[in-house]
Every structure is written in structure tokens, then in C-alpha cells.
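Quick notes on the structure that follows.
A quick note: this is a predicted structure, and the numbers were derived from the prediction, not measured.
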Amino acid sequence: MKNIYIPFFLFLATVVASQEIVTLPNESIDGVSWKNPEKEYYSDIWKTQVVTNVSEPTMQVFRPSAENNTGTAVIVAPGGGLFAHSINSEGNDVAKWLIEKGITAFVLKYRLVPTGEDGVADISQLAETNPQKIGERVATVLPHSIQDGLNAILHVRENAQMYAIDPNKIGFMGFSAGGAVTMGVAYNYKKTSRPDFLVPVYPWTDVMPIQKPKIDSPPMLIVCASDDPLGLAKGSVELYTSMLGANKSIGLHMYSKGGHGFGMRKNGLPSDSWISRFYDWALAEGLTQKKTK
């Protein structure tokens, strides 16, 4: 996929309603247009807060306290089938947990498939009537969502001093469709947009097939559940095997139960503590450090 370098001055940071928002580059997509505006609402279908019809990629910045800052940063890409962002359980709630550990977080709203008023209802209906259509619509947008991820890394690295982070400790974590974006980042980065570590959580490997790791592929931790109803456990194992076979630094937490989309939800299962296992891994890999307030 073509890498698009965007100079620093094209990145725009604004503060909206006390939220620190970064607007990322937004090149047009041939044959794709959004008729409905970006919308955030509670989905009765998914029982969580979602965002749909993202046509302009942005990031919300979550900063730890200055005395607790470790210098590590993580860009968080929520899931939602590329028809929506599960913005809390796979985005904002993750970021709030990370800043308590001194990790600066950036919740990325990458571009999504254009939908009607309720993108969750749209993908749910297609899942019942025409599942193949989901993949076709995702394929038109996913390369650009991946570019959003690469641009996010580039922005964070170029502004490392402003964010008080180490430019060599920038990670990328994505859930489901966001996991597909994470894999796309893993296979398409350039020197300036290379993540320092990757955390695909139940990645959607059907739309982003396993590829040979890059020579300088960064450390990766994969998280999934064997009983994922979308069958993503198999892809997670294949991703692990591909990294292991290439002698790359790789970890895998495969829970027997957890289903799909557990994110920061509390289900009374061992998978509830996956983010603590990520933190343990990050400490062991030297990607972050413990700080005491």
C-alpha cells in the first residue's frame, strides 16, 4: 500500500470541550463518500457507546500526570467491524487505564465505512442477509484506515517533546477491526511511522490476512479467546506462528473463554485482566516502567 508522508505543519491540534483532539490528514477516497455526519450514540444492539460515519480521522489525547509519566505512549484503535467504533470499552476506557500506569494514550478514530443513521444496525443486518457485502465494503476503506494509523504514529513521534514521551516507545493497540488496522500498520510502516510495539486484540485476520513479518518487526503481544464466535482464535494463532517462525519477539494470551469484543468489559472471567497482562509484558520487554506517585 502507498505510504503517504504528511508534513508536520498539516497536523492540526485543537482543544474541544476540554478534550485535546488531534486532526489527522484526510485525503479523499475514490468512490467513497459520507452522506451522514459522524455520530456518537448508545447502541442498543451492542449495548455500548459507539461512533459511526467517521470521515475525518482524529485522535483524543489522554495524558498521565507529570509526576507519573513514564514516557511510553500507546495509540488505541477501537473495533466495530469498520462500521463503528466501540469508543468506550475498546477506546476511552483503555486510555483511562493506561494513564493510571503513566502511559500517554491516543484514542484513534480511523475512517469508517459510510453508513446510514445507525451503522451498528447496518452491519448487523448485513451479517444476517449478505455477510460477503461486509467484506466488500470494508475493503474499500481499510487501506485508508491503516494510513490513518500510520499517520497517527508519525504525528506522535514528530510531537514527542510536546507530549512528553519517548519517540522510541510508541505502541499501537487495536481491537477486532482495529486489530486489522494494527496488522496493516505492522506490514506497511516506514522508518518514521514504525511502531515500537504492537498489541492486536482479537484481530480481524479475515480482512487483513497474515503476511511475512518485516525484517525490523517490533515486539508484539496478541490477545484473544478460544471461544471467539467470529472464529478469530485461529487467525491469532497463525499470526503468532508467523512471528515465531521469523524469530521475532512475540507473546500470546489465549483465554479459553471470553468471546468477542470483551475489551474493558467485566464478564467475571480471566480475560477481564488481559490489560494487566499487557502491562506485565510491557514491563518485561522494557517498553515502559513502573512509576510511583
Side-chain angles (χ1 to χ4, degrees), residues 1-8 10-11 22 24-32 54 56-59 73-82 85 106-113 135-158 167-222 232 235-236 238-250:
M1 120 181 199
K2 183 179 179 181
N3 181 270
I4 302 173
Y5 176 75
I6 307 296
F8 161 73
L10 288 183
F11 288 99
V22 176
L24 296 170
N26 181 22
E27 75 279 6
S28 61
I29 304 176
D30 291 342
V32 178
V54 175
E56 180 179 65
T58 61
M59 290 191 298
V74 174
I75 297 163
V76 182
L82 225 80
H85 288 315
F106 300 80
V107 176
L108 172 64
K109 290 196 289 188
Y110 52 86
R111 279 170 289 181
L112 298 173
V113 170
E136 292 174 358
R137 295 188 66 185
V138 165
T140 63
V141 177
L142 181 58
H144 304 276
S145 306
I146 293 168
Q147 188 62 57
D148 296 338
L150 294 167
N151 286 339
I153 296 169
L154 181 61
H155 169 80
V156 173
R157 180 161 289 129
E158 288 187 337
N168 298 310
K169 290 186 177 179
I170 301 170
F172 199 100
M173 174 188 291
F175 301 77
S176 194
V181 172
T182 305
M183 292 172 61
V185 165
Y187 297 139
N188 291 282
Y189 63 78
K190 302 298 182 183
K191 183 178 180 179
T192 53
S193 58
R194 178 186 180 273
D196 298 297
F197 58 95
L198 293 158
V199 188
V201 184
Y202 37 86
W204 193 9
T205 52
D206 292 340
V207 296
M208 178 49 64
I210 311 301
Q211 300 176 31
K212 183 179 179 180
K214 293 172 77 79
I215 293 176
D216 61 345
S217 184
M220 178 184 291
L221 176 67
I222 306 164
L232 300 183
S236 292
E238 290 176 354
L239 178 57
Y240 171 82
T241 302
S242 74
M243 291 285 288
L244 186 66
N247 295 315
K248 303 303 178 185
S249 177
I250 181 66

### Shortest non-hydrogen contact from Ala177 toward Gly80
CB-N, 4.2 Å
### Sub-4.5 Å side-chain heavy-atom contact between Phe106 and Val22
no
### Any side-chain heavy-atom pair of Tyr110 and Leu24 under 4.5 Å
no
### Query
Got a second to check how far Met183's CE is from Ile210's CD1, nearest 0.5 Å?
3.5 Å
### Query
Would a 4.5 Å heavy-atom cut-off, applied to side chains only, mark Leu112 and Val141 as touching?
no
### Query
Can you list the steps and then say if Thr192 with Arg157 is a side chain to side chain contact (heavy atoms under 4.5 Å, CB included)?
CA-CA 8 Å; Thr192 53; Arg157 180 161 289 129; 5.7 Å; no
### Steps toward side chain to side chain contact (heavy atoms under 4.5 Å, CB included) verdict (Gln147, Asn151)
CA-CA 6 Å; Gln147 188 62 57; Asn151 286 339; 3.2 Å; yes
### Query
Out of curiosity, Thr58 OG1 to Leu108 CG, how far, rounded to the nearest 0.5 Å?
7.5 Å
### Task
May I ask you to test the Lys214-Arg194 pair for a side-chain heavy-atom distance under 4.5 Å?
no
### Task
For residues Ser145 and Val181, report the shortest heavy-atom separation together with the two atoms involved.
O-CG1, 3.8 Å
### Message
To the closest 0.5 Å, what do you measure between CG (Asp148) and CD (Glu56)?
### Response
10.5 Å
## Note on the structure
Between Ala73 and Phe197 the two heavy atoms that sit nearest each other are O-CZ, 3.8 Å
### Summary
Heavy-atom closest pair (Tyr187 atom, Gln211 atom, distance to 0.1 Å) is OH-N, 3.1 Å
### Summary
Rounded to the nearest 0.5 angstrom, the NE2-CG distance for His155 and Leu150 is 14.5 Å
### Task
Please name the pair of heavy atoms, one in Pro195 and one in Val185, separated by the smallest distance, quoted to 0.1 Å.
CG-CG1, 3.9 Å
### Task
List the steps, then state whether side chain to side chain contact (heavy atoms under 4.5 Å, CB included) holds for His85 with Val107.
CA-CA 10 Å; His85 288 315; Val107 176; over 6 Å; no
### Message
Is it true that, when you exclude Lys212 itself, more than 12 heavy atoms of the residues, nucleotides or ligands shown sit nearer than 6.0 Å to its NZ?
### Response
no
### Query
Side chains of Tyr189 and Ile153: does their closest heavy-atom pair fall under 4.5 Å?
no
### Message
Do Pro78 and Phe175 make a side-chain contact, defined as non-hydrogen atoms from C-beta onward lying under 4.5 Å apart?
### Response
no
### Message
Less than 4.5 Å apart, side chain to side chain, heavy atoms only: is that true for Pro200 and Leu239?
### Response
yes
### Query
For the residue pair Thr205 and Leu232, what are the closest heavy atoms and their distance?
N-CD2, 4.3 Å
### Query
Given side chains that start at C-beta, do those of Ile29 and Arg111 come closer than 4.5 Å, heavy atoms only?
yes
### Message
Rounded to the nearest 0.5 Å, what separates atom CD1 in Ile222 from atom OG1 in Thr182?
### Response
11.0 Å
